[in-house]
Amino acid sequence: MKQLTINPSMTADLPDVFEGRHFIDGKWRDGRETFERVSPSHGVVVSRSAKGGVAETEAAIEAARRAFDSGVWSRASGKDRATILLKVAELIEADVDRIALQETLESGKPITQARGEVSGAADLWRYAASLARSTHGDSHNTLGDDMLGVVLKEPIGVVSIITPWNFPFWILSQKLPFALAAGCTVVVKPSEVTPSSTVMMGELLEQAGLPAGVCNIVLGFGDPVGSLMSTHDAVDMVTFTGSTAVGKAITKASAGTLKKVALELGGKNAQVIFPDANLDDAADAVVFGAYFNVGQCCNSSSRLIVHADIAQDFIARVVALSRDVVFGDPLNPDTQVGAIVTPEHNSKIDGDVRDAVAAGAKIELGGGYLDVPGLGRQFYQPTVVSGVTPDMEIAGHEVFGPVLSILEFNTLDEAVTLTNGTSYGLSAGVWSENVHTCLAFARRAEAGTVWTNTWMDGFPELAFGGVKQSGQGREIGRYGFDEFLEIKSVVMRVGRTRPSWVRSRVA
Ligand code: NAD
């Protein structure tokens, strides 16, 4: 065990390098090759993972297919499924510290935030358990005296789950318990950048007694693991969270077998501020929305659309609050904002800011790399860019960093046009004390979620997802659960009332 210095008076014990293995058909398997992850904040190797290839991916898909067809899970009662999901929730809660520390070391997110995400994930498992016991379709008793129709819901089959690096445990928990609650079997591929917490999830599933083959985990890269999971004949559905570019590639790749594809993709989300809003609360939410997870968040409110009458004052509030946000060492419990995931991504963020300035935007704050004493340069300053116009690249492009772009409006119509003026449609927010303004905006915003006088509150009960190029399908809530279910109509005749079709049989 190594020690890391967090600040002159604080050190942290670094766990041994986490050795990640594949989990296939209930067995842990080493890889013929491995890959390593270096912590973005501390520059040390924090995990070494088996690198999956075609053989491991095929073995995992075949195991999931066999498990599904055997009925061991797909035909188990809702009560039996729920019992295991509830057990997993308990095991997550007992293991928060270990999982959160690994998540922080791999992703660079603050430890306090990681603990919140891991313990919050347990609630997604509990909610999914409740759905396992309340799955039901419809019955139609009005089809005529001699007919009865029953619409059944059945698990869709084998599901490929492909996740990104920015919220590895949380996003896995937005998908996996819902697929399992529905009776599906799965193959999971976490991001190659943050694979370990998914392996830890595999350990918890094993401890909870999930039958072999129901959840299989293959570690590795998009090519070949993710692409095979998107094209294989034995897979019925792919659920993917990640970039819009890869989402499009998966949609194309899966078309050959016409699988169902659910996609949670990028966003360029706006918070819109009307002059009658509670400006203190709104400014705080704008700052939170811009810097949470260093802006590496699909739901980041990377655009502020503010009424021209209050723009100057509001920008000053946002800049002042931005200075108070604690950027720094992710292992320090006081840190609110941590490291950027890779050096390449940090350069890309900086390039986007430079391009915005070249296009005529003005830097109100930040706009450069951040040096955290004792750590590397894989941090970026809180950055506020004003004078952004809709024609600028930064107005519509996902920067995925702590960079807030500011546009101004004068009327509700203009605010709606600016909000909807990107190819994305994940989420949007409106701040006003006038309920009519909020409702008018909420109805016209092209987004899967609209927050009024708040930002990024979420609940397992409420569906999440995007419109336009932010995705298709929904996750969590009953609608998210339904994505993993197939519909079957059973049409029944009551009594021997069916008229013969062949004339010779007619008496
Ligand atoms: P990414 O698209 O690069 O990778 C996501 C996953 O896809 C990884 O596991 C990767 O290995 C895999 N992959 C890569 N190429 C593939 C291929 N050809 N076939 C199958 N799988 C492949 O995304 P990322 O960089 O990990 O995550 C950041 C992106 O995710 C951002 O655009 C962000 O907005 C988006 N995101 C969206 C949501 C949402 O819910 N809408 C949530 C989090 C992140």
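Treat the numbers as computed from the prediction; the structure is a model and nothing was measured. Just follow the structure's listing: the first ligand is 1, and inside any ligand the first atom is 1.
Residue contact annotation: S227 has a non-hydrogen atom under 4.0 Å from ligand 1. Using a 4.0 angstrom heavy-atom cutoff, F167 does not count as in contact with ligand 1. Residue contact check for ligand 1: P190 places a non-hydrogen atom closer than 4.0 Å to it.
Contact annotation: for N299 versus ligand 1, there are no heavy atoms closer than 4.0 Å. By the criterion of a heavy-atom distance under 4.0 Å, neither the backbone nor the side chain of E475 is placed next to ligand 1. Here Q296 has no heavy atoms under 4.0 Å from ligand 1, in either its backbone or its side chain. Of the heavy atoms in V225, none comes closer than 4.0 Å to ligand 1. Under 4.0 angstrom from ligand 1, there are no non-hydrogen atoms of A249.
A donor-acceptor contact under 3.5 angstrom links the side chains of R478 and S134, judged on distance only. K268 and S423 share no side-chain donor-acceptor pair at under 3.5 Å. Checking S427 against N269 by side-chain atom types alone, a donor-acceptor pair falls below 3.5 Å.
Residue T241 approaches ligand 1 through these ligand atoms, each under 4.0 Å from one of its heavy atoms: 5 (C), 36 (N), 37 (C), 38 (C), 39 (C), 40 (O), 42 (C), 43 (C), 44 (C). Close contacts between ligand 1 and E192 involve ligand atoms 10 (C), 11 (O) [criterion: under 4.0 Å to a heavy atom]. For ligand 1 and I171, the ligand atoms under 4.0 Å from any heavy atom of the residue are 42 (C), 43 (C). Distances below 4.0 Å separate heavy atoms of L426 from the following atoms of ligand 1: 41 (N). Atoms of ligand 1 lying under 4.0 Å from any heavy atom of F464, numbered from 1 in the order shown and given with element: 40 (O). Close approach of ligand 1 to I162 is summarised as follows: ligand atoms under 4.0 Å from at least one heavy atom of the residue are 6 (C), 7 (O), 9 (O), 12 (C), 20 (C), 21 (N).
Closest to atom 37 (C) of ligand 1, if we only count protein heavy atoms, is L265 O, 3.0 Å. Looking only at protein heavy atoms, the nearest one to atom 34 (O) of ligand 1 is E398 OE2, 2.7 Å. The protein heavy-atom contact nearest to atom 42 (C) of ligand 1 is C298 SG, 3.0 Å. Annotation: atom 21 (N) of ligand 1 to nearest protein heavy atom, G226 CA, 3.7 Å. Nearest protein heavy-atom contact of atom 27 (O) of ligand 1 is P164 CB, 3.3 Å. For atom 26 (O) of ligand 1, the nearest protein heavy atom (residue, atom name, distance) is W165 CD1, 2.9 Å. Of the protein's non-hydrogen atoms, the one nearest atom 31 (C) of ligand 1 is F400 CZ, 3.4 Å.
Polar contact check, K189 against ligand 1: a nitrogen or oxygen pair lies under 3.5 Å apart. Considering both main-chain and side-chain atoms, T163 comes within under 3.5 Å of ligand 1 through a nitrogen or oxygen pair. Considering backbone and side-chain atoms alike, I250 places every N or O at 3.5 Å or more from each N or O of ligand 1.
Scored by the ring-ring contact (aromatic ring centres under 6.0 Å, His included) test, W170 finds no partners at all (sequence neighbours excluded). In terms of the side-chain contact (heavy atoms from CB on, under 4.5 Å) criterion, residue partners of D69 (sequence neighbours excluded) are, by chain and number, R65.
Between Y127 and F178, the ring planes lie tilted relative to each other; the angle falls in the 30° to 60° range.
Using a 4.5 Å heavy-atom threshold, the side chains of V199 and W28 count as touching.
Within 6.0 Å of NZ on K252 lie no more than 12 heavy atoms contributed by other residues, nucleotides or ligands.
Between the side chain of S74 and the main chain of F68, a donor-acceptor pair closer than 3.5 Å is present.
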> What's the verdict on side-chain contact (heavy atoms from CB on, under 4.5 Å) for H397 and D352, showing C-alpha distance, side-chain angles and the deciding distance?
Replying inline: CA-CA 9 Å; H397 163 81; D352 287 348; 3.1 Å; yes

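In this structure, of S160, G220, S243, S427, the residue bringing a heavy atom nearest to atom 2 (O) of ligand 1 is S243. Looking at G266, G242, G448 and measuring to atom 35 (C) of ligand 1, the nearest heavy atom belongs to G242.
Between E103 and K109 no salt bridge is recorded (no basic side-chain N to carboxylate O distance below 4.0 Å).
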